[in-house]
Student: 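Quick one: the structure is below, questions incoming.
Values below: all heavy atoms of this structure, side chains included; hydrogens, waters and symmetry mates excluded. Values in this document were obtained by computation on a predicted structure and should not be read as measured data.
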Amino acid sequence: MKVMYHPDRDGLRILFSDAPIERSTSELSGLIVDYDNNGVVVGLELTQASERMPNPRLVEYAEIPSATGAANSPDEP
């Protein structure tokens with residue numbers, strides 16, 4: 001997953017895969033959804049990001065534990 005901020009167009013993009021983007025749709029005001037050729041969501045873009053969040057350059061990662069208390073990571077035993 002990649003998170004990128006484009007200051008020249010004030011867009012915050014999140015890519016979930018490296019699959020080529022086949023089409024994009026504007027689902028809601030300010031939210032663009034990118035799809036691959038199979039119709040799978042591969043990315044999101046938030047337009048006018050600096051108007052919608054305090055600092056679009058700041059990324060914080062937080063993992064939410066599962067209901068059983070164990071992390072849902074395929075790399076962990």
Side-chain angles (χ1 to χ4, degrees):
M1 181 170 68
K2 295 178 186 175
V3 178
M4 300 167 286
Y5 176 64
H6 301 276
D8 56 327
R9 61 178 203 248
D10 195 20
L12 180 70
R13 176 173 289 282
I14 302 170
L15 292 176
F16 303 115
S17 80
D18 291 330
I21 297 170
E22 180 70 22
R23 67 182 179 92
S24 300
T25 61
S26 182
E27 299 292 330
L28 301 169
S29 177
L31 181 65
I32 299 168
V33 181
D34 301 320
Y35 300 90
D36 68 8
N37 61 352
N38 294 315
V40 175
V41 174
V42 295
L44 301 172
E45 182 169 354
L46 181 64
T47 62
Q48 299 173 324
S50 65
E51 295 176 19
R52 302 174 191 273
M53 55 194 326
N55 184 357
R57 291 175 174 86
L58 178 65
V59 175
E60 182 178 329
Y61 173 80
E63 185 171 339
I64 308 298
S66 68
T68 62
N72 289 331
S73 174
D75 298 331
E76 293 182 11

Student: Where do Leu15 and Met4 come nearest, in terms of heavy atoms and distance?
Tutor: CD1-CE, 3.4 Å
Student: Restricting to side-chain contact (heavy atoms from CB on, under 4.5 Å), what partner residues turn up for Asn55, sequence neighbours left out?
Tutor: Arg57, Leu58
Student: Between Val42 and Leu31, is there a shared hydrophobic cluster once you connect ILVMFWY residues whose side-chain heavy atoms come closer than 4.5 Å?
Tutor: no
Student: Keeping Asn38 on the side-chain end and Val40 on the backbone end, is there a donor-acceptor pair under 3.5 Å?
Tutor: no
Student: With Ser29, which residues qualify under side-chain hydrogen bond (donor to acceptor under 3.5 Å, both in side chains), at least two apart?
Tutor: none
Student: Quick one: are Tyr35 and Arg23 in side-chain contact, heavy atoms under 4.5 Å?
Tutor: yes
Student: Which pairs pass salt bridge (charged side-chain N to carboxylate O under 4.0 Å, His left out) with one or both residues in residues 39-55, sequence neighbours excluded?
Tutor: Arg9-Glu45, Arg13-Glu45
Student: Mind listing the closest non-hydrogen atom pair of Tyr5 and Ser50 along with its distance?
Tutor: OH-CB, 4.2 Å
Student: Return the minimal non-hydrogen interatomic distance between Leu12 and Pro56, and the atom names on each side.
Tutor: CD1-O, 3.6 Å
Student: Quick one: list whatever passes salt bridge (Lys or Arg N to Asp or Glu O under 4.0 Å) with Asp8, sequence neighbours left out.
Tutor: none
Student: For Asn37, enumerate each residue passing the side-chain hydrogen bond (donor to acceptor under 3.5 Å, both in side chains) test, keeping only those at least two apart in sequence or located in another chain.
Tutor: none
Student: Of all residues at least two apart in sequence or in a different chain, which pass the side-chain contact (heavy atoms from CB on, under 4.5 Å) check with Ser24?
Tutor: Ile21, Ile32, Asp34
